[in-house]
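This report refers to the structure that appears directly beneath it.
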Amino acid sequence: MSQSIFKNDMLSGQRFLVTGASSGLGRAVAESIAACGGQVLGAGRNVERLQAARSSWPGQGHVACIQELGDADATAEWTKAVAQEHGSLNGIFHAAGTELLRPIRMSKQAQFNEAFGSAFFAAAGLARAASQKGVMVDGGSLVFMSSVAGSAGKVGMSAYSASRAAVEGMVRSLACEFAPRRIRVNAIAAGAVQTPMHDRITQGAAQDVVDAYASSHLLGFGEPSDIANAAVYLLSPAGRWITGTTMAVDGGYICQ
Ligand SMILES: NC(=O)c1ccc[n+]([C@@H]2O[C@H](COP(=O)([O-])OP(=O)(O)OC[C@H]3O[C@@H](n4cnc5c(N)ncnc54)[C@H](OP(=O)(O)O)[C@@H]3O)[C@@H](O)[C@H]2O)c1
């Protein structure tokens with residue numbers, strides 16, 4: 001992780017649920033929250049990866065939860081149970097999600113379920129839980145991962161793009177619903193960030209193709225800490241007047 005720009009006690013006494021905490025962006029955000037003194041309740045599917053991530057989070061009291069996320073109702077029940085067991089949440093960062101590169105002629109209901117399940121349906125379940133008594137404190141913050149693909153097209157990305165656009169649309173209405181409790185809801189639309197997901201997408205591609213992909217971002221590929229800095233900002237009191245928005249953290253991809 002690169003040098004933190006935040007004070008190491010900025011989130012002390014606060015508790016955050018982080019999905020996708022076993023890898024990539026979720027893991028980096030969990031680490032940054034912990035480095036700022038926050039308690040992390042980190043969720044993933046793979047036990048070894050999640051335990052390895054858990055051991056890299058500084059400080060005490062962090063929790064690793066194995067949970068498949070893909071259904072709004074099940075996610076809401078699980079989130080409620082997590083808050084009942086560990087205490088009300090100050091924030092939720094939702095990074096669980098999967099890549100899907102497939103042309104529409106080969107995309108069936110199963111692929112749409114896959115793209116929407118972890119990214120959108122789980123986000124909706126997290127939000128529903130947060131609306132219920134005792135799950136999230138007033139003044140809390142929800143941050144959902146989205147992608148530049150939510151607003152920019154590319155061959156083979158229809159299901160993936162639609163699921164991220166759905167997240168961005170939901171964020172605007174959720175911000176309106178949660179405002180009476182001063183709970184803020186935002187998304188981050190990331191460009192290509194070097195994570196295990198990014199490695200799976202680029203592996204096997206010719207070097208000139210990868211170079212062109214990097215060049216489509218004015219500042220090249222990003223690092224997980226680039227997303228973690230934005231996420232911690234939105235989760236923290238520093239973001240107190242930001243809600244209902246999608247923050248582009250994309251190295252200058254979408255502006256072109
Ligand atoms: N990296 C990028 O360039 C980029 C760009 C834009 C948007 N995003 C979005 O950011 C999110 C995180 O991406 P990443 O690069 O960090 O990917 P990653 O390294 O592959 O990590 C994905 C995480 O999501 C978890 N996960 C996946 N499907 C799940 C499911 N059905 N239930 C519960 N957990 C699930 C994985 O758990 P296990 O490992 O334990 O299975 C893992 O912790 C994704 O939504 C992705 O679309 C990424």
Side-chain angles (χ1 to χ4, degrees), residues 17-32 40-54 56-57 64-72 74-75 78-79 82 92-101 110-111 113-126 143-152 154 156-157 159-168 171 187-203 205 210 213-214 216-217 219-228 230-231 246-251 253-254:
L17 177 60
V18 178
T19 73
S22 54
S23 180
L25 305 181
R27 177 176 174 158
V29 171
E31 191 175 333
S32 289
V40 174
L41 313 177
R45 295 178 302 185
N46 181 283
V47 179
E48 289 76 32
R49 272 199 295 276
L50 186 59
Q51 290 301 348
R54 158 77 189 80
S56 72
W57 304 333
C65 323
I66 296 296
Q67 183 66 29
E68 172 75 33
L69 299 169
D71 174 86
T75 301
W78 168 75
T79 306
V82 168
I92 297 177
F93 180 73
H94 177 48
T98 183
E99 71 277 23
L100 188 65
L101 272 171
Q111 281 72 52
N113 289 347
E114 186 186 332
F116 275 78
S118 48
F120 176 75
F121 295 142
L126 290 164
V143 179
F144 299 119
M145 271 317 297
S146 184
S147 162
V148 290
S151 53
K154 220 178 193 149
M157 300 282 280
Y160 182 91
S161 295
S163 67
R164 272 49 180 184
V167 168
E168 295 179 18
V171 154
I188 293 175
V193 183
Q194 296 180 100
T195 66
M197 177 184 288
H198 174 86
D199 296 343
R200 290 192 296 275
I201 292 169
T202 53
Q203 76 189 358
V210 177
Y213 185 31
S216 64
H217 299 70
L219 305 177
F221 292 141
E223 299 291 335
S225 59
D226 296 317
I227 302 301
T246 295
M247 180 188 279
V249 185
D250 65 358
Y253 180 91
I254 214 80

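If you read the sequence from its start, that first residue is 1, and numbering goes on from there. From a predicted model like this one, the values you see are computed outputs, not experimental measurements. Order of listing sets the numbers, starting from 1, for every ligand and every atom in it.
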(message) Once you restrict to heavy atoms under 4.0 Å, what part of R200 touches ligand 1? Side chain, backbone, both or neither.
(response) side chain
(message) Heavy-atom distances under 4.0 Å decide this one: backbone, side chain, both or neither, for T195 against ligand 1?
(response) side chain
(message) Counting non-hydrogen protein atoms only, what is the nearest one to atom 36 (C) of ligand 1? Give residue, atom name and distance.
(response) S22 OG, 4.0 Å
(request) Flag the pair L17 / T79 as yes when at least one side-chain heavy-atom distance between them is below 4.5 Å, and no otherwise. (result) yes
(request) Would you please determine whether R27 falls within less than 4.0 Å of ligand 1 on a heavy-atom basis? (result) no
(message) I'd like to check which ligand 1 atoms, numbered from 1 as shown, lie under 4.0 Å from a non-hydrogen atom of P196.
(response) 19 (O)
(message) Counting C-beta onward and ignoring hydrogens, is there a side-chain heavy-atom pair between I66 and V47 closer than 4.5 Å?
(response) yes
(message) Closer than 4.0 Å to some heavy atom of S147 - which atoms of ligand 1 meet that?
(response) 6 (C), 7 (C)
(request) Report the relative orientation of the aromatic rings in H217 and Y253; use parallel for angles under 30°, tilted for 30 to 60°, perpendicular for over 60°. (result) tilted
(message) Does the residue A192 have a heavy-atom contact with ligand 1, meaning some pair of atoms that are separated by less than 4.0 Å?
(response) yes
(request) Look at atom 13 (O) of ligand 1 and say which protein heavy atom is nearest, naming residue and atom and giving the distance to 0.1 Å. (result) M197 CE, 3.7 Å
(request) For ligand 1, note which part of S118 has a heavy atom under 4.0 Å away: side chain, backbone, both or neither. (result) side chain
(request) For H94 and G20, indicate whether the former's side chain and the latter's backbone hold a donor-acceptor pair under 3.5 Å. (result) no
(request) Specify the protein heavy atom at minimum distance from atom 19 (O) of ligand 1: its residue, its atom name, and the distance to 0.1 Å. (result) S23 OG, 2.6 Å
(request) For residues V167 and M145, report the shortest heavy-atom separation together with the two atoms involved. (result) CG1-O, 4.3 Å
(request) Please confirm whether the backbone N or O of G70 pairs with a side-chain atom of S118, one donor and one acceptor, at under 3.5 Å? (result) no
(request) Check each heavy atom of M145 against ligand 1 and say whether those closer than 4.0 Å belong to the side chain, the backbone, both or neither. (result) side chain
(message) Please check whether G20 reaches ligand 1 - meaning an N/O of the residue sits under 3.5 Å from an N/O of the ligand, judged on distance alone.
(response) yes
(message) Contact between Y160 and T98 at the side-chain level, heavy atoms closer than 4.5 Å - yes or no?
(response) no
(request) With heavy atoms only and a cut-off of under 4.0 Å, state how A149 meets ligand 1: side chain, backbone, both or neither. (result) neither
(request) Go through the steps to decide whether F144 and F93 satisfy the test ring-ring contact (aromatic ring centres under 6.0 Å, His included), and finish with yes or no. (result) CA-CA 6 Å; F144 299 119; F93 180 73; 9.1 Å; no
(request) Starting from the C-alpha separation in whole Å, work towards a yes-or-no answer on side chain to side chain contact (heavy atoms under 4.5 Å, CB included) for Y213 and H198. (result) CA-CA 11 Å; Y213 185 31; H198 174 86; 4.0 Å; yes
(request) State if Y160 counts as touching ligand 1 under the rule of any non-hydrogen atom under 4.0 Å. (result) yes
(request) Show your reasoning for whether side chain to side chain contact (heavy atoms under 4.5 Å, CB included) applies to E114 and L100. (result) CA-CA 8 Å; E114 186 186 332; L100 188 65; 4.1 Å; yes
(message) Could you check whether any side-chain N or O of T19 sits under 3.5 Å from a backbone N or O of A95, counting only pairs where one atom can act as donor and the other as acceptor?
(response) yes
(request) Give the atoms of ligand 1, by number and element, whose distance to some non-hydrogen atom of N46 is under 4.0 Å. (result) 38 (P), 40 (O)
(message) I need the nearest protein heavy-atom contact for atom 7 (C) of ligand 1: residue, atom name and distance, please.
(response) S146 O, 3.2 Å
(request) Determine whether Q67 and V82 make a side-chain contact, defined as any pair of heavy atoms from C-beta on separated by less than 4.5 Å. (result) no
(request) State if A122 counts as touching ligand 1 under the rule of any non-hydrogen atom under 4.0 Å. (result) no
(message) Tell me the protein heavy atom at minimum distance from atom 22 (C) of ligand 1, and give that distance in Å.
(response) G97 O, 3.6 Å
(request) Measure the shortest side-chain to side-chain distance between S146 and I188 over non-hydrogen atoms and say whether it is less than 4.5 angstrom. (result) no
(request) Can you figure out which of A96, G24, G117, G44 has its heavy atom closest to atom 24 (O) of ligand 1? (result) A96
(message) Geometry only, no angles: is L69 polar-contacting ligand 1 at N/O separations under 3.5 Å?
(response) yes
(request) For ligand 1, find out whether one of its N or O atoms is nearer than 3.5 Å to an N or O atom of L25. (result) yes
(message) Using the rule given for side chain to side chain contact (heavy atoms under 4.5 Å, CB included), can you reason through D250 versus L219, listing the C-alpha separation, both sets of side-chain angles and the distance that settles it, and then say yes or no?
(response) CA-CA 8 Å; D250 65 358; L219 305 177; over 6 Å; no
(request) For residues R27 and S56, determine if any side-chain heavy atom of one lies less than 4.5 Å from a side-chain heavy atom of the other. (result) yes
(request) Measure the distance from atom 41 (O) of ligand 1 to every protein heavy atom, then report the residue, atom name and distance (to 0.1 Å) of the closest one. (result) R45 NE, 3.0 Å
(request) Pick one of side chain, backbone, both or neither for how R164 approaches ligand 1, counting any non-hydrogen atom pair under 4.0 Å. (result) side chain
(message) Evaluate I254 against S151 for side chain to side chain contact (heavy atoms under 4.5 Å, CB included), listing each step before the verdict.
(response) CA-CA 8 Å; I254 214 80; S151 53; 3.6 Å; yes
(message) Quick check against the 3.5 Å criterion: does S225 have a side-chain atom that pairs as donor or acceptor with the backbone of A228?
(response) no
(message) Below 4.0 Å from ligand 1: does a non-hydrogen atom of A95 turn up there or not?
(response) yes
(request) List every atom of ligand 1 that sits less than 4.0 Å from any heavy atom of Q67, numbering the atoms from 1 in the order shown and giving each element. (result) 33 (C)
(request) For atom 3 (O) of ligand 1, find the nearest protein heavy atom and state the residue, atom name and distance (0.1 Å precision). (result) V193 N, 2.8 Å
(message) Check this for me - ligand 1, R49, N or O atoms closer than 3.5 angstrom, yes or no?
(response) yes
(message) Contact between ligand 1 and E99 is defined here as a heavy atom of the residue under 4.0 Å from a ligand atom; is it met?
(response) no
(message) Please list the nearest protein heavy atom to atom 6 (C) of ligand 1 with its residue and the distance rounded to 0.1 Å.
(response) A190 O, 3.4 Å
(message) Could you check whether any heavy atom of G191 sits closer than 4.0 Å to an atom of ligand 1, since that is the contact criterion I want to use?
(response) yes
